[in-house]
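Some notes on the structure that comes next.
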Protein chains: 2
Amino acid sequence: MSHLGYCRLMPFDHEQVLRSAAALLTRKSTATMDEVARAAGIGRATLHRHFAGRDALVGALESLGIQEFEAALDAAGLDEGSAEDGLRRLITAVQPSAGLLSFLVTENQLFEGDDVDEGWSRLDARVAAFFRRGQERGEFRIDLTPAWLTEALYGLIGSCAWSVQAGRVAAQDFPHMIVELLLGGARRSVEK
Amino acid sequence: MSHLGYCRLMPFDHEQVLRSAAALLTRKSTATMDEVARAAGIGRATLHRHFAGRDALVGALESLGIQEFEAALDAAGLDEGSAEDGLRRLITAVQPSAGLLSFLVTENQLFEGDDVDEGWSRLDARVAAFFRRGQERGEFRIDLTPAWLTEALYGLIGSCAWSVQAGRVAAQDFPHMIVELLLGGARRSVEK
DNA sequence: CCCAGATGAGACAAGAACGTCTCGTCGAGA
DNA sequence: TCTCGACGAGACGTTCTTGTCTCATCTGGG
């Protein structure tokens with residue numbers, strides 16, 4: 001081949017491996033490199049050929065999660081229309097990545113990353129800014145800080161992803177459950 | 001000494017060790033037995049004398065968490081007064097255990113316990129039943145299932161505990177942030 | 001048909017953590 | 001004062017994981 005280092009069919013799907021790794025690590029954060037490899041249907045040696053060690057693997061997962069979350073933020077068009085609709089679009093867009101994100105969120109709670117932190121803080125800022133704009137526009141209450149709403153969003157995404165995986169919530173209800181709880185709360189429309 | 005196996009001053013505070021272990025494992029779930037011992041201010045040998053291995057340690061944490069959560073459920077008096085007040089009392093009562101509980105919740109997502117599962121499913125049932133009663137009394141909306149509200153509660157407790165620890169939320173606001181978000185949601189009182 | 005590149009399987013050593021053990025020390029009670 | 005019990009420190013062997021290596025196999029391209 002002349003250009004593009006690799007152009008074979010697909011003996012190794014870089015992203016597919018990361019997908020299955022995320023799916024496994026979400027459930028078992030202490031999974032072995034061998035388990036990750038088996039879950040991806042490849043050999044442990046091959047896994048090491050593409051990711052130099054466990055750190056590199058979680059680093060790649062980190063990058064993938066950041067990229068996907070950022071793409072979801074872009075695709076949601078948070079500034080178009082009402083904040084409520086924007087949030088709804090965001091959650092719908094983020095649903096495919098929910099498992100990966102919940103893994104990364106719990107992982108980062110300790111992992112004092114270096115440049116990774118930079119990526120997350122930027123995304124955190126975008127989400128917090130969205131909630132702040134919603135407050136300024138009078139759509140969101142002001143007694144709940146943007147930072148807390150951001151963390152709560154992450155927590156609910158993780159909880160709902162887990163509930164879906166456990167069969168306690170239907171996958172199609174994912175956006176509804178999160179948006180309705182996060183925006184409307186559990187209290188029944190207190191008359192009016 | 002005549003009765004009560006041990007009645008020394010307190011060269012070893014069983015519960016205090018579990019406390020510090022929970023605090024450490026909440027932040028670093030892969031912490032070493034040695035790290036756990038050091039964090040508790042005891043030697044690794046002593047730790048092994050009281051907890052036969054890591055499994056026994058997390059088992060004890062599991063029991064402690066179940067016990068504390070159950071005590072919080074009892075103390076909250078969920079059936080007295082409005083469901084909203086009951087939830088408020090529950091969250092206030094559970095705040096001291098929030099760190100431990102969030103650790104156990106994420107831990108149990110894989111740990112297919114044996115008798116441990118029994119304890120958690122019983123507590124889950126109590127919480128879900130509380131939300132169901134709230135629905136039947138017309139206080140909670142019915143489009144959010146009790147199972148989801150239960151999981152969401154756990155998620156918000158974990159998120160808020162983490163936010164407090166990270167300094168993004170004041171500890172005194174813990175109950176308010178959770179209750180207001182869980183019950184009222186972020187949407188501003190949609191006029192009336 | 002032959003060759004290059006990538007894979008899977010397995011062997012190998014290094015390191016980490018675990019669980020157990022012994023030993024010296026210290027404090028409380030007899 | 002003496003003794004018993006528990007602790008801290010540390011050594012030791014075992015197990016598990018990791019990272020690297022080699023080798024046989026397979027596939028696609030020349």
Side-chain angles (χ1 to χ4, degrees), chain A residues 1-63 103 107 110-113, chain B residues 1-63 103 106-107 110-113 116:
Chain A
M1 57 220 62
S2 48
H3 49 58
L4 285 179
Y6 45 108
C7 53
R8 316 258 312 295
L9 285 183
M10 275 182 96
F12 180 87
D13 187 334
H14 197 85
E15 181 151 333
Q16 185 274 335
V17 171
L18 286 178
R19 293 266 163 224
S20 62
L24 174 60
L25 291 174
T26 297
R27 300 191 309 268
K28 189 181 198 293
S29 60
T30 63
T32 291
M33 289 295 277
D34 189 84
E35 295 176 287
V36 173
R38 301 299 168 156
I42 64 177
R44 190 169 68 96
T46 304
L47 185 61
H48 271 92
R49 285 190 189 100
H50 292 266
F51 302 99
R54 187 187 197 73
D55 292 341
L57 178 63
V58 302
L61 285 174
E62 211 87 46
S63 299
F103 164 69
E107 196 75 359
L110 168 68
F111 218 74
E112 292 298 341
Chain B
M1 58 224 63
S2 48
H3 48 59
L4 285 178
Y6 45 108
C7 51
R8 314 258 311 295
L9 284 183
M10 275 183 97
F12 180 87
D13 187 333
H14 197 86
E15 180 150 334
Q16 186 272 337
V17 171
L18 286 178
R19 292 267 162 224
S20 63
L24 174 59
L25 291 174
T26 297
R27 300 192 308 268
K28 189 180 196 296
S29 60
T30 62
T32 291
M33 288 293 278
D34 190 82
E35 293 176 288
V36 173
R38 302 297 170 157
I42 64 176
R44 192 168 66 97
T46 303
L47 185 60
H48 274 291
R49 282 190 191 102
H50 291 267
F51 302 99
R54 188 188 195 74
D55 292 341
L57 178 63
V58 301
L61 284 175
E62 210 88 46
S63 299
F103 164 69
T106 60
E107 197 75 357
L110 168 69
F111 217 74
E112 292 297 341
V116 174

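This is a predicted model, so every value here is computed, not measured. Below, chains carry the letters A, B, ... as their sequence lines are ordered, and counting in each starts from 1.
- A tilted orientation is assigned to the rings of H14(A) and F51(A), their planes being inclined by 30° to 60°.
- Taking side-chain N and O atoms only, H50(A) has a distance below 4.0 Å to OP1 or OP2 of dT7(C).
- Within the helix from dC1(C)-dG30(D) to dA30(C)-dT1(D), the inter-axis angle between the opening and closing five-pair segments is 10°, rounded to 10°.
- Shown here are the side-chain hydrogen bond (donor to acceptor under 3.5 Å, both in side chains) partners of Q16(B), two or more places apart in sequence or in another chain: there are none.
- Side-chain contact between M33(A) and L57(A): present, with at least one pair of heavy atoms (C-beta onward) separated by less than 4.5 Å.
- For the pair L47(B) CG and dT20(C) C1', the interatomic distance rounds to 14 Å; values are reported in whole Å.
- For the pair H14(B) NE2 and dA6(D) C1', the interatomic distance rounds to 16 Å; values are reported in whole Å.
- Scored by the side chain to side chain contact (heavy atoms under 4.5 Å, CB included) test, T32(A) finds D34(A), E35(A) as partners (sequence neighbours excluded).
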When you compare the protein's N or O atoms with those of nucleotides 18-20 of chain D, which come within less than 3.5 Å of each other, and at what distance?
| unit_1 | atom_1 | unit_2 | atom_2 | d |
| --- | --- | --- | --- | --- |
| dT18(D) | OP1 | M33(A) | N | 3.4 |
| dT18(D) | OP1 | R54(A) | NH1 | 3.2 |
| dT18(D) | OP2 | M33(A) | N | 3.0 |
| dG19(D) | OP2 | H48(A) | NE2 | 3.3 |
| dG19(D) | OP2 | R54(A) | N | 3.4 |
| dG19(D) | N7 | R44(A) | NH1 | 2.9 |
| dG19(D) | O6 | R44(A) | NH2 | 2.8 |

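- With sequence neighbours excluded, no residue forms a side-chain hydrogen bond (donor to acceptor under 3.5 Å, both in side chains) with R44(A).
- OP1 or OP2 of dG8(C) lies within a sub-4.0 Å distance of a side-chain N or O belonging to T46(A).
- To the nearest 0.5 Å, atoms NE2 (H50(A)) and CD1 (I42(A)) are separated by 7.0 Å.
- The shortest non-hydrogen separation linking R54(B) to T30(B) is NH2-C, 3.9 Å.
- Between the CZ atom of R49(A) and the C1' atom of dG5(C) there is a distance of 11 Å, given to the nearest Å.
- Contact annotation: R38(B) reaches the phosphate of dA9(D) (side-chain N/O to OP1 or OP2, under 4.0 Å).
- Applying the side chain to side chain contact (heavy atoms under 4.5 Å, CB included) criterion to R49(A), with sequence neighbours excluded, gives A45(A), T46(A).
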